[in-house]
Amino acid sequence: MNQEQWTAVDGYFNQALIPPDSGLEATRHANREAGLPAIDVSPNQGRLLHLIARIQGARRILEIGTLGGYSTIWLAKALPRDGRLVTLEADPRHAAVARENIARAGLGPLVDVRIGEALPALVRVKADYPEPFDLIFIDADKANTPEYFKWALALARPGTVIIVDNVVRKGEVANAATTDPEALGMRRFTELLAKETKVTATAIQTVGSKGYDGFVIARVD
Ligand code: SAH
Ligand code: DHB
Ligand code: MG
């Protein structure tokens with residue numbers, strides 16, 4: 001098994017199961033043109049997020065780490081007309097591209113893109129959105145994932161789904177001697193999750209066009 005095969009199989013299911021979507025395709029194109037790093041979720045992963053949001057019946061979604069809004073658009077498409085998605089992005093250039101992409105996809109009225117470091121922004125999100133979020137997707141700077149998870153719990157209700165991207169990092173998460181700050185962030189997050197009695201969680205390893213990584217999926221009990 002190798003990267004070439006993972007990419008081919010990802011492409012096969014992508015082509016077979018995901019109808020072309022002009023908003024999503026324009027977003028990938030605009031992100032490339034703007035020179036954004038190609039680290040958004042893959043199409044099959046975007047659809048997984050979309051499906052989980054629909055299965056959950058999510059009306060309020062929080063995303064930490066917008067980039068160009070590709071995952072944002074997948075998630076926002078799962079919302080009802082009166083739904084809301086708040087997404088936090090530190091880089092103003094990324095946020096500007098995301099706003100354009102989200103508006104082009106016709107989702108502007110549903111999405112609140114907030115520019116700034118996520119930790120201070122979360123204080124204001126809690127003040128501005130008194131109702132809990134139904135789904136929270138954490139996908140920003142990996143070292144701060146433990147802090148984002150604590151915030152996710154503070155903004156959740158029993159039944160809220162929390163999804164964390166990039167928890168495997170090519171397997172480095174299982175290396176107890178790792179010095180990689182991203183893997184260390186995910187190990188600390190996993191320790192926190194393990195101690196949290198109010199949450200049921202698992203991790204799924206993924207391969208595909210983005211290589212070898214994974215998600216944590218958790219439900220607040
Ligand atoms: N969710 C996106 C990918 C996000 S990439 C998608 O799948 O389409 C991670 C993003 O987090 C980058 O745009 C980066 O600028 C942003 N980021 C990094 N550190 C941050 C911080 N401290 N606060 C908010 N955003 C941050
Ligand atoms: C990478 C992938 C991601 O999904 C992300 O959020 C950040 C970085 C990467 O492959 O480097
Ligand atoms: Mg990611």
Side-chain angles (χ1 to χ4, degrees), residues 39-41 45 48-49 52-53 55-67 71-72 75-76 79 83-91 94-95 98 111-169 172-176 178-206 213-221:
I39 56 175
D40 20 38
V41 293
Q45 292 173 342
L48 174 66
L49 296 175
I52 293 170
I55 292 165
Q56 163 72 342
R59 307 179 74 83
R60 284 175 296 275
I61 298 176
L62 173 66
E63 176 180 68
I64 307 175
T66 316
L67 190 64
S71 56
T72 316
L75 286 165
L79 287 170
R84 194 81 178 142
L85 188 155
V86 184
T87 183
L88 310 180
E89 174 53 57
D91 187 325
H94 296 182
V111 181
D112 179 1
V113 181
R114 296 192 165 204
I115 305 173
E117 290 285 330
L119 285 173
L122 283 160
V123 179
R124 294 189 294 277
V125 168
K126 186 154 175 63
D128 294 347
Y129 291 88
E131 286 189 81
F133 289 91
D134 307 310
L135 188 153
I136 301 173
F137 178 47
I138 300 175
D139 190 21
D141 46 326
K142 311 308 167 192
N144 272 322
T145 301
E147 300 309 310
Y148 298 145
F149 177 65
K150 288 181 206 160
W151 265 107
L153 293 176
L155 294 165
R157 58 164 171 86
T160 294
V161 172
I162 301 172
I163 306 171
V164 181
D165 192 20
N166 309 117
V167 301
V168 172
R169 305 313 285 156
E172 192 61 14
V173 72
N175 175 8
T178 189
T179 55
D180 171 29
E182 301 197 338
L184 280 170
M186 291 311 173
R187 288 181 66 86
R188 293 194 183 112
F189 158 60
T190 303
E191 283 161 31
L192 207 61
L193 189 57
K195 277 190 270 178
E196 189 51 70
T197 53
K198 296 192 309 289
V199 171
T200 306
T202 193
I204 48 170
Q205 305 184 65
T206 57
D213 214 323
F215 294 101
V216 156
I217 303 182
R219 180 190 185 274
V220 180
D221 293 325

>> As a quick check of understanding, evaluate side-chain contact (heavy atoms from CB on, under 4.5 Å) for Glu63 and Asp139, giving each step before the final call.
In response: CA-CA 7 Å; Glu63 176 180 68; Asp139 190 21; 5.7 Å; no

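- When the side chain to side chain contact (heavy atoms under 4.5 Å, CB included) test is applied to Asp180, the partners found at least two apart in sequence or on another chain are Glu172, Thr178, Glu182, Ala183.
- By the side-chain hydrogen bond (donor to acceptor under 3.5 Å, both in side chains) test, Gln56 is found to be paired with no residue, residues two or more places apart in sequence or in another chain being considered.
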> When you look at Ile162 and Leu153, which way does the side-chain contact (heavy atoms from CB on, under 4.5 Å) test go after all the steps?
Replying inline: CA-CA 9 Å; Ile162 301 172; Leu153 293 176; 4.0 Å; yes

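- For Lys150, the side-chain hydrogen bond (donor to acceptor under 3.5 Å, both in side chains) partners two or more places apart in sequence, or in a different chain, are Glu147.
- Shown here are the side chain to side chain contact (heavy atoms under 4.5 Å, CB included) partners of Ile115, two or more places apart in sequence or in another chain: Pro92, Ala95, Arg99.
- Residues Leu122 and Leu155 are in side-chain contact: their nearest non-hydrogen atoms beyond the backbone lie under 4.5 Å apart.
- Here the side chains of Val173 and Val167 are not in contact, with every heavy-atom distance at 4.5 Å or above.
- Considering all non-hydrogen atoms of both residues, Ala58 and Leu79 come closest at O-CD2, 3.5 Å.
- For Thr66, the side-chain hydrogen bond (donor to acceptor under 3.5 Å, both in side chains) partners are Thr87, not counting sequence neighbours.
- The two residues Ala53 and Leu75 come nearest to each other via the heavy atoms CB-CD2, 4.2 Å.
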> Is there a side-chain contact (heavy atoms from CB on, under 4.5 Å) between Val216 and Phe149 once you walk through the steps?
Replying inline: CA-CA 11 Å; Val216 156; Phe149 177 65; over 6 Å; no

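- Looking at residues two or more places apart in sequence or on another chain, you find no side chain to side chain contact (heavy atoms under 4.5 Å, CB included) involving Thr190.
- Residues that satisfy the side-chain hydrogen bond (donor to acceptor under 3.5 Å, both in side chains) test with Asp112, not counting sequence neighbours, are Arg114, Tyr129.
- For Asp213, the salt bridge (Lys or Arg N to Asp or Glu O under 4.0 Å) test picks out Arg169, with sequence neighbours left out.
- Taking CG of Asn166 as the start and CD1 of Ile138 as the end, the distance is 11.5 Å to the nearest 0.5 Å.
- Across all their heavy atoms, Pro146 and Arg188 have their closest contact at CG-CB, 3.8 Å.
- Residue pairs meeting the side-chain hydrogen bond (donor to acceptor under 3.5 Å, both in side chains) criterion with at least one member in residues 154-165, sequence neighbours excluded, are Asp134-Arg157.
- For the pair Leu67 and Ile39, the minimum side-chain heavy-atom distance is below 4.5 Å.
- Applying the salt bridge (Lys or Arg N to Asp or Glu O under 4.0 Å) test to Lys195 and every residue at least two apart in sequence or in another chain returns nothing.
- Contact between Ala76 and Val111 at its shortest, heavy atoms only, is CB-CG2, 3.9 Å.
- Proximity of Phe189 to Lys142: side-chain heavy atoms (C-beta onward) are nowhere separated by under 4.5 Å.
- For Thr200, the side chain to side chain contact (heavy atoms under 4.5 Å, CB included) criterion is met by Asp221, not counting sequence neighbours.
- Shown here for Gly65 and Glu89, the closest heavy-atom pair between the two residues is C-OE1, 4.1 Å.
- Listed by chain and number, the residues in a salt bridge (Lys or Arg N to Asp or Glu O under 4.0 Å) with Asp40 amount to none (sequence neighbours excluded).
- Within the 4.5 Å cutoff, no side-chain heavy atoms of Phe137 are placed close to those of Ile61.
- Between Asp141 and Tyr148, some side-chain heavy-atom pair lies under the 4.5 Å cut-off.
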>> For Leu62 and Trp151: C-alpha separation, side-chain torsions, deciding distance, then whether side-chain contact (heavy atoms from CB on, under 4.5 Å) applies.
In response: CA-CA 11 Å; Leu62 173 66; Trp151 265 107; over 6 Å; no

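- The shortest non-hydrogen separation linking Ala218 to Ala201 is CB-CB, 3.7 Å.
- To the nearest 0.5 angstrom, Ile52 atom CD1 is 7.5 Å from Leu135 atom CG.
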